[in-house]
There are 2 protein chains.
Amino acid sequence: MYTLAEENYIKTIFHLQQTINGAVSTNAIADSMDTKASSATDMVQKLADKKVLSYVKYKGAQLTEKGKKIATKIVRKHRLWEVFLVDKLGFHWDEVHEIAEQLEHIHSTELIKRLDSFLGNPTFDPHGDPIPDELGNFIKTEKKLLSQLNKSQFGVCVGVKESSPEYLQYLDKKNISIGTKINVLGKEFFDGSMVIEVGRDQFFVSKKIADNLYVQTA
Amino acid sequence: MYTLAEENYIKTIFHLQQTINGAVSTNAIADSMDTKASSATDMVQKLADKKVLSYVKYKGAQLTEKGKKIATKIVRKHRLWEVFLVDKLGFHWDEVHEIAEQLEHIHSTELIKRLDSFLGNPTFDPHGDPIPDELGNFIKTEKKLLSQLNKSQFGVCVGVKESSPEYLQYLDKKNISIGTKINVLGKEFFDGSMVIEVGRDQFFVSKKIADNLYVQTA
DNA sequence: TATAATTTTTAGTCTAAGCTAAAAATTAGT
DNA sequence: ACTAATTTTTAGCTTAGACTAAAAATTATA
Ligand SMILES: [Mn+2]
Ligand SMILES: [Mn+2]
Ligand SMILES: [Mn+2]
Ligand SMILES: [Mn+2]
């Protein structure tokens, strides 16, 4: 059994590994967790002792198979609870992260098994992120960032990269959610900004907006 | 905001206060929490500083209004989650305590508000214990222990005093659950044991069994 | 009521997890 | 290839919460 702090570190390292491929630095961990590098180093050393990750001084950490399995379970729990909060309790997609951050640490395999089937074995969470199965397998989908599309192309929103309340609320305001079709009417190559069409609305989006929305083409 | 440890102490003291009226001793707290008296003393001193309880050295602790309010919220959460686990996820009443023990510490008033209405604003948990409302008010019901009944009297099971898996599983085996009618066919005054009738079954129960079952008469 | 038994508190350690400041290693700039 | 800047680790403190052993207070007993 792992402590709350250990679980949060493991999950963070797992997520950092997806982006940055290879070993993840203690500084990256600390930044991502709003803590200090020295604290991250301490924890990484402890987790290395427990064989949850491999760690080479000054070179960073990498989860072992054991570590990945632990991380996957936490991610599964987090996303299942998010589905529960949205589908069953009627929360909005921008309100669930904080609560799921707590619920993901409840220890009970039976609970998760039952929750999963109560929810109808969902495969994606409310933000479009895949929910790993009991064995830890993620559904791999080929998706692009909206910012990768060019003029006259279109895509269907399948997820968000950033899921801060601020960003999600912006999307709500623009009526963009999972399943929304987006047409790229124009793209400015100087700053990467775009003019897009959503339903009957046409409006401008900055590169930062377009960089955080996943779409599926074809 | 209170820590996990603080919340567990507060809840325990609240429950001890119901039984033992007046101040509760640090030893009683320690016993009830499977910890040492010295640890209980430390925590009680800390909680006294925070005005959660009043404490007189060698005389014990008593929750303040503030403390009672905190305790009530935790009890409310615990019992609502138990209803969720049984009614929605299909857990058995002897399996939910451990999990609710964790879930009761999730911090989010909005979550509890929504959970409550999702469950249909239940007033009793799966063990027959009353669920306090948002203001902390408990429904007062006059109930007796089965052991208080005499020969030829009967009662309807409305709750359990003890809710260990062992006891609950015993009741299951005898087909006793909330709502079950129990007739007292005989009572031995030497040891308090009884012969009772449940449905078509007639069997012997010890005083210990009868001492932990709440019934409603009339 | 004096002594013995019991309960409760205090003093001193320990571990987990955080922090700051300083030291060491790595990377970058000239 | 050397400094200089940056990153990362170490050393040393802090707090929460637990424990053991000893001291102090309370309660029971003769
Ligand atoms: Mn978390
Ligand atoms: Mn999510
Ligand atoms: Mn608890
Ligand atoms: Mn209960």
Side-chain angles (χ1 to χ4, degrees), chain A residues 1-14 16-17 19-63 67 70-71 74 101-102 104-105 107, chain B residues 1-14 16-17 19-63 67 70-71 74 101-102 104-105 107:
Chain A
M1 203 68 56
Y2 297 87
T3 66
L4 182 64
E6 287 172 338
E7 288 194 346
N8 281 330
Y9 271 96
I10 293 168
K11 195 186 66 164
T12 297
I13 295 167
F14 179 79
L16 287 173
Q17 256 177 199
T19 346
I20 305 142
N21 72 333
V24 7
S25 75
T26 49
N27 254 31
I29 296 168
D31 283 355
S32 179
M33 299 204 35
D34 257 302
T35 184
K36 293 299 156 81
S38 54
S39 306
T41 301
D42 281 352
M43 183 56 90
V44 158
Q45 287 170 344
K46 184 163 57 130
L47 292 176
D49 287 347
K50 296 194 178 183
K51 311 288 184 202
V52 164
L53 48 79
S54 62
Y55 165 62
V56 185
K57 259 201 208 181
Y58 294 100
K59 291 300 175 73
Q62 242 171 322
L63 293 182
I70 299 163
I74 302 169
E101 203 57 43
Q102 299 176 60
E104 71 189 359
H105 303 288
H107 294 294
Chain B
M1 205 66 59
Y2 296 87
T3 66
L4 182 65
E6 287 171 337
E7 289 193 347
N8 282 329
Y9 272 96
I10 293 168
K11 196 186 63 164
T12 297
I13 295 167
F14 179 78
L16 287 172
Q17 255 178 199
T19 346
I20 307 142
N21 73 334
V24 5
S25 77
T26 49
N27 256 29
I29 296 167
D31 283 355
S32 181
M33 299 206 33
D34 257 302
T35 185
K36 294 299 157 81
S38 54
S39 306
T41 302
D42 281 351
M43 182 56 90
V44 158
Q45 287 170 342
K46 185 163 56 132
L47 292 175
D49 288 347
K50 296 193 177 182
K51 312 285 184 204
V52 164
L53 48 80
S54 62
Y55 165 63
V56 184
K57 259 202 209 181
Y58 295 98
K59 293 298 176 78
Q62 243 172 319
L63 292 181
I70 299 164
I74 302 169
E101 203 56 43
Q102 299 176 59
E104 71 189 0
H105 303 289
H107 294 293

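Each chain gets a letter, A, B and so on, in the order its sequence line appears, and its residues count up from 1. If you're wondering where the values come from, they're calculated on a predicted model, not measured in any experiment.
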Taken to the nearest whole Å, OH/Tyr2(A) to P/dA16(C) is 14 Å
Among dT8(C), dT9(D), dA16(D), the one nearest Thr26(B) by side-chain distance
dT8(C)
Does Thr41(A) use its side chain to pair, donor to acceptor, with the backbone of Ala37(A) at less than 3.5 Å?
yes
Starting from P on dT13(C), measure out to CG on Asp42(B) and report it in whole angstrom.
15 Å
Result for 5'-nearest mapping on DNA chain C, choosing between Ala40(B) and Lys50(A), is Ala40(B)
In whole angstrom, give the distance that lies between atom CE of Met43(A) and atom P of dG18(C).
5 Å
dT6(D) phosphate, OP1 or OP2: any side-chain N/O from Tyr58(A) under 4.0 angstrom?
no
Show me the donor-acceptor pairs, under 3.5 Å and distance only, between side chains in residues 47-59 of chain A and residues at least two apart or in other chains.
| from | atom 1 | to | atom 2 | distance (Å) |
| --- | --- | --- | --- | --- |
| Lys50(A) | NZ | Glu6(A) | OE2 | 2.7 |
| Ser54(A) | OG | Gln62(A) | O | 3.3 |

Between the protein and nucleotides 20-22 of chain C, which nitrogen or oxygen pairs are less than 3.5 angstrom apart?
| from | atom 1 | to | atom 2 | distance (Å) |
| --- | --- | --- | --- | --- |
| dT20(C) | OP2 | Lys36(A) | NZ | 2.9 |
| dT20(C) | O4 | Ser38(A) | OG | 3.0 |

CD of Glu6(A) versus P of dG18(C): gap in Å, rounded?
10 Å
Considering just the side-chain nitrogens and oxygens of Ser25(B), establish if one lies under 4.0 Å of OP1 or OP2 belonging to dT7(C).
no
Could you tell me the separation between the CE atom of Met33(A) and the C1' atom of dC19(C), rounded to a whole number of Å?
15 Å
Is the phosphate of dT7(D), meaning OP1 or OP2, less than 4.0 Å from a side-chain N or O of Asn27(A)?
no
Is there a side-chain contact between Asn8(B) and His105(B), using heavy atoms and a 4.5 Å cut-off?
yes
Kindly write out the residues that satisfy side-chain hydrogen bond (donor to acceptor under 3.5 Å, both in side chains) with Glu104(B), not counting sequence neighbours, or none if the list is empty.
Lys11(B), His78(B)
Closer than 3.5 angstrom, by distance alone: can the side chain of Gln17(A) be matched with the main-chain N or O of Gly22(A) as a donor-acceptor pair?
no
Please report, rounded to the nearest Å, how far the P atom of dT6(C) is from the CG atom of Asp31(B).
15 Å
To the nearest angstrom, the NZ-P distance between Lys59(A) and dT27(C) comes to 7 Å
When rounded to whole Å, the OH to P distance for the pair Tyr9(B) and dA16(D) reads 14 Å
Less than 4.0 angstrom between a side-chain N/O of Thr41(A) and OP1 or OP2 of dT10(D), yes or no?
no
Hey, what do you get for CD1 (Ile74(B)) to OH (Tyr2(B)), rounding to the nearest 0.5 Å?
10.0 Å
Specify the residue among Ala5(A) and Ala28(B) whose closest nucleotide of DNA chain C lies further upstream toward the 5′ end.
Ala28(B)
Tell me whether Ser39(B) contacts the main-chain N or O of Thr35(B) through its side chain, where contact means a donor paired with an acceptor under 3.5 Å.
no
If the cut-off is 4.0 Å, is Lys57(A) near the phosphate of dT10(D), judged by side-chain N/O to OP1 or OP2?
yes
Mind checking Ala37(A) for me? I need base, sugar-phosphate or nothing, with any heavy atom below 4.0 Å counting as a touch.
base
